[in-house]
Amino acid sequence: QKLKQLNQFPDFNNYLIFVLTRLKSEDEPTRSLSGLILKNNVKAHFQSFPPPVAEFIKQECLNHLGDASSLIRATIGILITTIASKGELQIPTCTPKSHRHLPLFPSQGAFGALQKICEDSSELLDSDALNRPLNVMIPKFLQFFKHCSPKIRSHAIACVNQFIMDRAQALMENIDTFIEHLFALAVDEDPEVRKNVCRALVMLLEVRIDRLIPHMYSIIQYMLQRTQDSDENVALEACEFWLPRAPQPICKDVLTAHLVQLIPILVHGMRYSEIDIILLKGDVEEDEAVPDSDQDIKPRFHKSRTVTLAHEEQRGGDGDGDGDDEDDDDALSDWNLRKCSAAALDVLANVFREELLPHLLPLLKELLFHLEWVVKESGILVLGAIAEGCMQGMVPYLPELIPHLIRCLADRKALVRSIACWTLSRYAHWVVAQPPELYLKPLMTELLQRILDSNKRVQEAACSAFATLEEEACTELVPYLSFILDTLVFAFGKYQHKNLLILYDAIGTLADSVGHHLNQPVRLGGPVEQLVARSNIMTLLFQCMQDTMPEVRQSSFALLGDLTKACFVHVKPCIAEFMPILGTNLNPEFISVCNNATWAIGEICMQMGAEMQPYVPMVLNNLVEIINRPNTPKTLLENTAITIGRLGFVCPQEVAPMLQQFIRPWCTSLRNIRDNEEKDSAFRGICVMIGVNPGGVVQDFIFFCDAVASWVSPKDDLRDMFYKVTTG
């Protein structure tokens, strides 16, 4: 706040210069605070700095590149990057584009800051606007690959690595020298150097495999060694080599001869390390009573697996934070050697298919029945990782393996129980295809027991696995619904916050999978109307619809639409309060919120009928604006068109005068969706509006005809409406 005030005073520039001089203070906290103040002000106000002040800041940045404090060097790097983002790197004093600035480079501090600049401004440094400073920088970086300091060598490789994926011209012109220098550093004693060498080779595999092919045998042997490096960070970088984003045919050819070495290395990498077990609290078997912390609870939204209407895709959320975990150790960092090894084995299984099994089966036999739990756990993970790629080859062994995995669900170690849940879910499709008494019933019974496990990690894995089983089994589960529901209901009293969200997802998936079989009085206790009648849900919904978090409003409007369809008698008294909130949330800046609000309005229209008239002015203009907005997502356009059609169906006199403003995008939005009830009501609305205002469709009549032609089998009375409009 003080800085904002200072911006209004003539002495603000002098204040900035004073802050700059504090960078020279002997007190590190003072220097750090000065750097932070400068960074924030450069970001917000650099374009308005007088030239002398801007020039002074840039010069002082260069002077402090070699500061003894790593924090100061990092701040200076961010400062220079921020200045660069303002288009100011073309000033000669701010970029190392001339030879007189290159002597700065051997300083570890300067190189650290320079690495930050390369990370954040790679495209700018390779642009014509700056006369391509990389033409000078790349050859200079390559010289420092041979520097006596391992830190300098590491920084130099890291700087060059920033330009591989973009195929920077200066690097491509020096590509052979770069590769030659990398080979020279292959056995460097410094782990950071080895890590950056591995990272470079992984990226080159993707963008310049042509240059690596002549050396591929040596590179593969090197990567096999480094994947077993004593430094786990080096091993992780090397392991990425076996995990190309787009496996090329040549990869299969060159790897075939090395599988006998590679497979055991990857399998070994899939074991938990000692530090992994500590981080995962692997020795803690019972933690169900330990409350979750707030940061453990990520927003999740139930997403229907059997999507029938376009709006349901958005009601499930934007896809942020609702992905399926590759395995169960998400409490670790996002990526580690175990996960990378498992992902690499998954990729190889999809490339080599059954050819992989001769190398794997002897290992699996030893691992899966090993007495040491860590080894057995890794074998179960291996079995899950190859499930997709090697399924056909594994089928003969599954009658023996599935019962073994089901027994592992009762293992004394929680981490074994949790990974067994995941692996069994990978074979759920095969399980469901067999007679239910053989595998489905025993698996379902044991998974339900694990849902009530005393370990939270096992609860989570079991719930997720059961959701997968629900999707595969569908109505095969109907005979067991009472048992399933009893277990899930009991879990509500057991679970902490995080796992409750996963439990909700499992229940939603169950509803999708068994459909109307769940809608029996003996299973929910009566219609949902009675539950709503006995609760204060409408008051809570009114509050949640106004929440500051878009995710909360998004789910609130989805629930409002569902309640409108299920028990409108309880929603109707609140419509006067709800409609203004819905209208203000027709803001396409928040796509999912806007989408759900739009859908809910359409559902309310169908229940309100002509009583919707007072609320038309609250929503119509916004809806017309959205449907005419360029680059609007397809799902939002479809929902908007349906809601406009429904609004016109119940209030044609109020909506029809605007027909000409939306008829063309309305028709193009709905021409590609399949026949369903929502489309039916929307087209009835458009026909009624054309009857009120036929002039509104004349100019775009061909678009209306095209939309009508998208119907496969309209109901007879709707077909008659089309006939009257087209002939009239």
Side-chain angles (χ1 to χ4, degrees), residues 272 276-303 316-317 320-334 339 377 408-425 444-470 483-511 524 531 535-537 540-541 543-544 547 549 551-552 554-556 558-559:
Y272 280 126
D276 289 343
I277 295 170
I278 293 170
L279 290 172
L280 286 166
K281 301 175 182 174
D283 294 327
V284 177
E285 293 301 318
E286 296 186 11
D287 62 354
E288 63 177 344
V290 179
D292 293 330
S293 60
D294 287 345
Q295 59 262 36
D296 288 337
I297 308 169
K298 295 182 289 187
R300 287 173 69 103
F301 301 98
H302 168 63
K303 189 167 187 175
D320 298 328
D322 197 28
D324 294 325
D325 290 325
E326 191 62 22
D327 61 57
D328 74 327
D329 55 343
D330 59 315
L332 292 173
S333 61
D334 288 340
K339 287 190 172 184
E377 193 277 345
C408 288
L409 289 173
D411 194 273
R412 63 183 183 84
K413 297 299 293 186
L415 290 176
V416 174
R417 299 198 299 274
S418 64
I419 198 62
C421 290
W422 177 76
T423 294
L424 280 162
S425 74
M444 182 191 64
T445 302
E446 195 61 42
L447 270 182
L448 288 172
Q449 290 185 38
R450 296 289 66 80
I451 284 174
L452 302 180
D453 200 276
S454 58
N455 182 276
K456 291 193 288 187
R457 178 173 301 281
V458 179
Q459 293 172 1
E460 177 181 2
C463 255
S464 297
F466 195 75
T468 302
L469 186 65
E470 289 169 342
F483 182 34
I484 293 169
L485 289 170
D486 286 346
T487 303
L488 298 181
V489 168
F490 190 80
F492 274 109
K494 230 174 133 66
Y495 279 16
Q496 301 295 331
H497 288 155
K498 181 183 177 184
N499 285 352
L500 275 178
L501 303 177
I502 300 162
L503 183 59
Y504 294 147
D505 191 61
I507 291 172
T509 305
L510 181 65
L524 283 174
L531 294 174
S535 73
N536 64 339
I537 192 170
L540 295 173
L541 191 57
Q543 294 170 2
C544 291
D547 197 276
M549 281 186 66
E551 294 87 351
V552 176
Q554 169 190 335
S555 290
S556 301
L559 177 57

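The figures that follow rest on heavy atoms only: side chains count, while hydrogens, waters and symmetry mates do not.
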Who are the side chain to side chain donor-acceptor pair (under 3.5 Å) partners of [X], not counting sequence neighbours?
| X | answer |
| --- | --- |
| Asn455 | none |
| Gln459 | Asn499 |
| Glu446 | Arg450 |
| Gln449 | none |

If I take atom [atom1] from residue [X] and atom [atom2] from residue [Y], how far apart are they, to the nearest 0.5 angstrom?
| X | Y | atom1 | atom2 | value |
| --- | --- | --- | --- | --- |
| Asp547 | Glu551 | CG | CD | 9.5 Å |
| Leu447 | Leu424 | CG | CG | 6.5 Å |
| Met549 | Ser556 | CE | OG | 11.0 Å |

Can a donor-acceptor pair be found, under 3.5 Å and without considering hydrogens, that links the side chain of [X] to the backbone of [Y]?
| X | Y | answer |
| --- | --- | --- |
| Arg417 | Ala410 | no |
| Thr423 | Ala420 | no |
| Arg457 | Ser418 | no |

Do the non-hydrogen side-chain atoms of [X] and [Y] ever get within less than 4.5 Å of each other?
| X | Y | result |
| --- | --- | --- |
| Thr509 | Phe466 | no |
| Ile502 | Ser464 | yes |
| Ser555 | Leu559 | no |
| Leu510 | Leu488 | yes |
| Leu540 | Gln543 | yes |

Please list, chain by chain and in numerical order, all residues satisfying salt bridge (Lys or Arg N to Asp or Glu O under 4.0 Å) with Glu286, sequence neighbours excluded.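 With neighbours one apart ignored, the set is empty.
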According to salt bridge (Lys or Arg N to Asp or Glu O under 4.0 Å), who are the partners of Lys413, at least two apart in sequence or on a separate chain?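 Counting only residues at least two positions away or on another chain, Lys413 forms a salt bridge (Lys or Arg N to Asp or Glu O under 4.0 Å) with Asp283, Glu285.
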Listed partners of [X] passing side chain to side chain contact (heavy atoms under 4.5 Å, CB included), at least two apart:
| X | answer |
| --- | --- |
| Leu452 | Thr487, Phe490, Ala491, Lys494 |
| Val290 | Asp287, Lys456 |
| Phe492 | Leu500, Leu503, Tyr504, Ile507 |
| Ser425 | Trp422, Ala465, Thr468 |

Specify the closest pair of heavy atoms between Ala467 and Ala506, including all atoms of both residues, with the distance to one decimal.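 Smallest interatomic distance, heavy atoms only, reads CB-CA, 4.3 Å.
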Minimum heavy-atom distance Glu377-Ile419, with the two atoms named: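 That closest heavy-atom pairing would be OE2-CB, 3.4 Å.
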Tell me, please, which residues at least two apart from Phe483 pass ring-ring contact (aromatic ring centres under 6.0 Å, His included).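 Scan of Phe483 (ring-ring contact (aromatic ring centres under 6.0 Å, His included), adjacent residues dropped) gives none.
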Among Ile451, Asp453, Leu409, which residue meets the side chain to side chain contact (heavy atoms under 4.5 Å, CB included) test with Cys421?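 Answer to the side chain to side chain contact (heavy atoms under 4.5 Å, CB included) test with Cys421 among Ile451, Asp453, Leu409: Leu409.
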